[in-house]
Trainee: 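Have a look at the structure that comes next, please.
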Amino acid sequence: MNAKEQKKLEKLQKMRHSMAHVMAGAVLKLMPEAKFAIGPAIDNGFYYDFDLPRKLTNEDLATIEELMKEIIKENLPFEKEVLSRAEALEMFKDQPYKVELIQELPEDEEISIFRMGDAFVDLCRGPHVEDTSRLNAQGFKLLSIAGAYWRGDEKRPMLQRIYATAFGDPKALKAHLEFLEEMEKRDHRRVGKEQDLFSLHEEAGPGLVYWHPKGARMRVTIEDFWRKEHYKNGYDMVFTPHVGKSWLWETSGHLDFYKEGMYPNMVMDDVNYYAKPMNCPFHIMIYKNGKHSYRDLPYRWAELGTVYRYERSGTLHGLLRVRGFTQDDAHLICTPDQMQSEISEVLRFSLFMLRSFGFSDISAYLSTMPEKSVGEKERWDAATESLRKAIEDEGLEYKVDEGGGAFYGPKIDLKVKDTMGREWQLSTVQFDFNLPDRFDMTFTDNDGQEKRPYVIHRALLGSIERFFGVLIENYGGAFPVWLAPTQVRVIPVSEKFEDYAKKVERSLRAEDILVDGDYSDDRMNAKIRNAQNEKIPYMVVVGEKEMNDSAVSIRVRTGEQLNGMPLDDAISMINEKIAKKEMP
RNA sequence: GCCUCUGUAGCUCAGUCGGUAGAGUACGACCAUGGUAAGGUUGGGGUCACCGGUUCAAGUCCGGUCGGAGGCUCCA
């Protein structure tokens, strides 16, 4: 962000924070008994948390909005006053949340309040606009009421939060509201239903995904590509069980540290079994099956491994947060000498995968050693440096999260920005200094000594379910040709041309193009409309002219029209789009 | 898990003051045989999420249960 953008953002934040005070003033007018918590500016707007004598309703939002407009019209000045701690405590003695905030302020911090005329006074560091005439009464909108714990702590009282969006001018507000509408249209749950891609069934288990034929078709496309590229990049595939005896999870430490994230035990022959929340212990079992020489390393073992984790019911969200999902997992097991090249390769591979799916705006986050950790510092340092070097060699923008690594190793996370500017964390490359010790993994080095290998977990897409959700939202359901579950729909102009249409369909299918035909008794117009709504890349229309010339007329999803194209040309054109992973 | 909102046909939704259920769409049948975003007619489809209560009578009111949505990270 440059200096100009920075300044603009600060101005917006000042305006939004001032708006939050206006909203608090309006709520105070509506309910004089209101207790106030905090009201910061956030991305695209602001919120304020209140403790109120009754529940807010959507009608209240409209009322509050009107009251806010009145306050803005009154041109109330924002005036700062500096108080002593005692004065502040006295002033807010009826406001328990403010008292708590004051008491927690450091000794040497200035305590200030802001008065907004006589409508509202708040403990606040500021800054604020000079007076409410600087705020645009048409530039904000109250969005929603939500419950929020005081200080985000579920043991503290639940407050009522009002979210609002605010921009400097009405035009920007309108643009943002349109953006929100577009988000709704792209919501993967909505598109998934519209295009019949997947479903979830509360009666059969919340957070568990059912892939319908079209969604499954896309998943197969994704997985086939994934497998092919993994073999090309020197990986081997493994398959491992979905459950394991408690011995495995005791050894790995999951039962000590991750039990609340696991599905509960199943008892068989008086022994506890657990569904796997992670694949690593199984891959390690394969390693432990024999002796290994430094000459055999590195191993790169990949698995589309389905894992089950307990997520609290309130956090489940479509495909993005589920209880059963398939990690595109792999473990790299290597010698210290091989570590740098393995890390560089996996990062390069990861970028290749993400870019193949159309994500070009990628940034990295490097997380380093936390206070509580296992493994020697030298290994941490070596591993962290190899991660850093790999990022820098790729010329990626990155941020360092000091002390943000897991207790068992440093990591890189990659985030992509989608077409709507939202960030998603997908790839992760993570060292593990814990499991090799716990499972006593060794290899024989060239000096005949038994040594500990490095183990690196990595997932490129993250999970197939979540990645699929991100893909749907990124493309809004209008997928590039290679991913589309139906790439071509053949539409005969009338029943008379069904035979030719079926012949065209067979020719395309013989070329591995995903094709279907619409032989319903709808009129052609309706068929076009349906295909267009399904966002099928190519509509191949055939009638008398086409039949006579062994040709097709193509209507592209974009509206582009390619009439009278020889069938063979159409096939090559479509195949080229598929091969190049392009949009139609 | 907790807070707010919410649950009516496969889907999107209407249903007033409590009087036993409605539209569009999808699906089936028939007619129409068509040239680039909805042809016409007609039919079937509901334990109004579930359990209980109030009432002569409950989709509607009350209580509970189970789902779904938004939120619970942004610090005066």
Side-chain angles (χ1 to χ4, degrees), chain A residues 13 16-17 20-21 36-49 51-52 54-58 60-61 83 88 92 95 97-106 109-114 122-126 143-163 184 187 189-190 193-194 196 199-206 260 310-318 491-498 520-534 539-546 553-557 559-563:
Chain A
Q13 282 171 343
R16 285 171 180 153
H17 185 52
H21 279 227
F36 297 88
I38 56 168
I42 53 174
D43 288 349
N44 304 318
F46 60 91
Y47 69 77
Y48 212 115
D49 286 347
D51 191 348
L52 301 174
R54 67 167 175 86
K55 291 172 198 169
L56 287 169
T57 63
N58 283 328
D60 289 327
L61 284 191
L83 301 183
F92 290 103
Q95 292 286 342
Y97 303 102
K98 298 293 176 191
V99 167
E100 184 175 330
L101 292 169
I102 294 166
Q103 282 165 344
E104 285 179 18
L105 284 174
E109 177 120 356
E110 176 186 282
I111 297 178
S112 63
I113 58 163
F114 270 82
D122 201 0
L123 180 72
C124 186
R125 173 169 49 204
L143 292 180
S144 59
I145 306 161
Y149 295 106
W150 170 232
R151 312 209 120 178
D153 180 347
E154 60 190 270
K155 295 190 183 65
R156 310 293 304 267
M158 175 70 72
L159 306 173
Q160 300 193 65
R161 173 174 299 179
I162 301 180
Y163 276 100
E184 243 170 77
D187 190 306
R189 293 165 299 179
R190 175 170 167 164
K193 207 178 258 183
E194 282 168 358
D196 197 15
S199 58
L200 296 144
H201 301 270
E202 32 108 346
E203 66 277 34
E260 64 288 5
Y310 175 73
E311 298 282 354
R312 301 206 289 179
S313 60
T315 62
L316 298 175
H317 182 85
I491 297 175
V493 166
S494 83
E495 219 174 300
K496 277 184 278 184
F497 311 108
E498 258 189 36
S520 69
D521 55 6
D522 281 333
R523 291 176 65 211
M524 187 195 64
N525 287 316
K527 293 179 185 182
I528 297 266
R529 184 184 142 89
N530 288 339
Q532 196 75 49
N533 284 338
E534 285 175 55
M539 285 152 267
V540 162
V541 178
V542 295
E544 181 144 28
K545 285 183 291 221
E546 290 79 6
S553 288
I554 298 179
R555 179 190 163 109
V556 187
R557 182 175 67 199
E560 193 189 349
Q561 194 65 43
L562 305 163
N563 285 337

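Below, chains carry the letters A, B, ... as their sequence lines are ordered, and counting in each starts from 1.
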Trainee: Taking atom C1' in both B/rA21 and B/rA14, what distance in whole Å separates the two?
Mentor: 11 Å
Trainee: Between B/rG7 and B/rU12, how far apart are the P atoms? Round to whole Å, please.
Mentor: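 Looking at atom P only, B/rU12 and B/rG7 are 12 Å apart.
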Trainee: So which nucleotide does B/rU25 pair with, by the Watson-Crick or G-U wobble rule with both distances under 3.5 Å?
Mentor: B/rG10
Trainee: Whether A/Asp522 and A/Lys527 form a salt bridge (side-chain N of Lys/Arg under 4.0 Å from carboxylate O of Asp/Glu) is what I want to check.
Mentor: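 So A/Lys527 does not pair with A/Asp522 through a salt bridge.
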Trainee: Rounded to whole Å, how long is the line connecting atom NZ of A/Lys193 with atom P of B/rU12?
Mentor: 4 Å
Trainee: Pick the C1' atom in B/rA23 and in B/rG18, then give their distance to the nearest Å.
Mentor: 23 Å
Trainee: Taking B/rG28 as the reference, what is the distance to B/rG64 when you measure between their C1' atoms (whole Å, please)?
Mentor: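 Roughly 41 Å separates the two C1' atoms.
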Trainee: Between the base of B/rA37 and the side chain of A/Arg555, is one N or O donor paired with an acceptor at under 3.5 angstrom?
Mentor: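 Yes.
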Trainee: Using the P atom on both, measure B/rA26 against B/rC17 and round to a whole Å.
Mentor: 33 Å
Trainee: Between A/Arg151 and A/Glu104 (salt bridge meaning N to carboxylate O under 4.0 Å), is one present in this structure?
Mentor: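 Judged by the 4.0 Å cut-off on N to carboxylate O distance, A/Arg151 and A/Glu104 do form a salt bridge.
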Trainee: Counting the atoms with a prime plus P, OP1 and OP2 as sugar-phosphate, which does A/Pro492 contact under 4.0 Å by heavy atoms, base, sugar-phosphate, or nothing?
Mentor: nothing
Trainee: Which one is paired to B/rG34, where only Watson-Crick or G-U wobble pairs with both distances under 3.5 angstrom count?
Mentor: none
Trainee: Looking across every strand, which nucleic acid part, if any, lies under 4.0 Å from A/Ile491 by heavy atom: base, sugar-phosphate, or nothing?
Mentor: nothing
Trainee: Is a salt bridge present between A/Glu534 and A/Arg529, judged by a nitrogen-to-oxygen distance below 4.0 Å?
Mentor: no
Trainee: Could you check whether A/Glu560 pairs with A/Arg555 (Lys NZ or Arg NE/NH1/NH2 to Asp/Glu carboxylate O, under 4.0 Å)?
Mentor: no
Trainee: Indicate, with a heavy-atom threshold strictly under 4.0 Å, whether A/Gly152 touches base, sugar-phosphate, or nothing.
Mentor: sugar-phosphate
Trainee: Describe the nucleic acid contact of A/Asp196 in one word from base, sugar-phosphate, nothing, applying a heavy-atom distance below 4.0 Å.
Mentor: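 If one applies the 4.0 Å heavy-atom cut-off, A/Asp196 turns out to touch nothing in the nucleic acid.
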Trainee: Contact class for A/Glu110 vs. all strands (heavy atom < 4.0 Å): base, sugar-phosphate, or nothing?
Mentor: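 Answer is base: heavy atoms of A/Glu110 come under 4.0 Å of a base.
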Trainee: Looking only at atom P, what distance separates B/rG46 and B/rU8, rounded to whole Å?
Mentor: 16 Å
Trainee: Minimum heavy-atom separation for A/Lys98 to A/Ala37, with atom names?
Mentor: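 Where A/Lys98 meets A/Ala37 most closely, the heavy atoms are NZ-O, 2.6 Å.
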Trainee: When you measure from the side chain of A/Arg529, which nucleotide among B/rA37, B/rC31, B/rG34 comes out closest?
Mentor: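 Looking only at side-chain atoms, A/Arg529 lies closest to B/rA37.
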Trainee: Watson-Crick or G-U wobble partner for B/rU54, using a 3.5 Å limit on both distances?
Mentor: none
Trainee: Any donor-acceptor pair under 3.5 Å joining the side chain of A/Glu546 to the base of B/rG35?
Mentor: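 Between B/rG35 and A/Glu546, which were checked side chain against base, a qualifying N/O pair under 3.5 Å is present.
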Trainee: How far, in whole Å, is B/rG44 from B/rG10 if one measures between their C1' atoms?
Mentor: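 Per the computed distance, 14 Å lies between those C1' atoms.
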Trainee: For B/rA69, what is the paired nucleotide under Watson-Crick or G-U wobble rules, both distances under 3.5 Å?
Mentor: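 Pairing partner: B/rU4.
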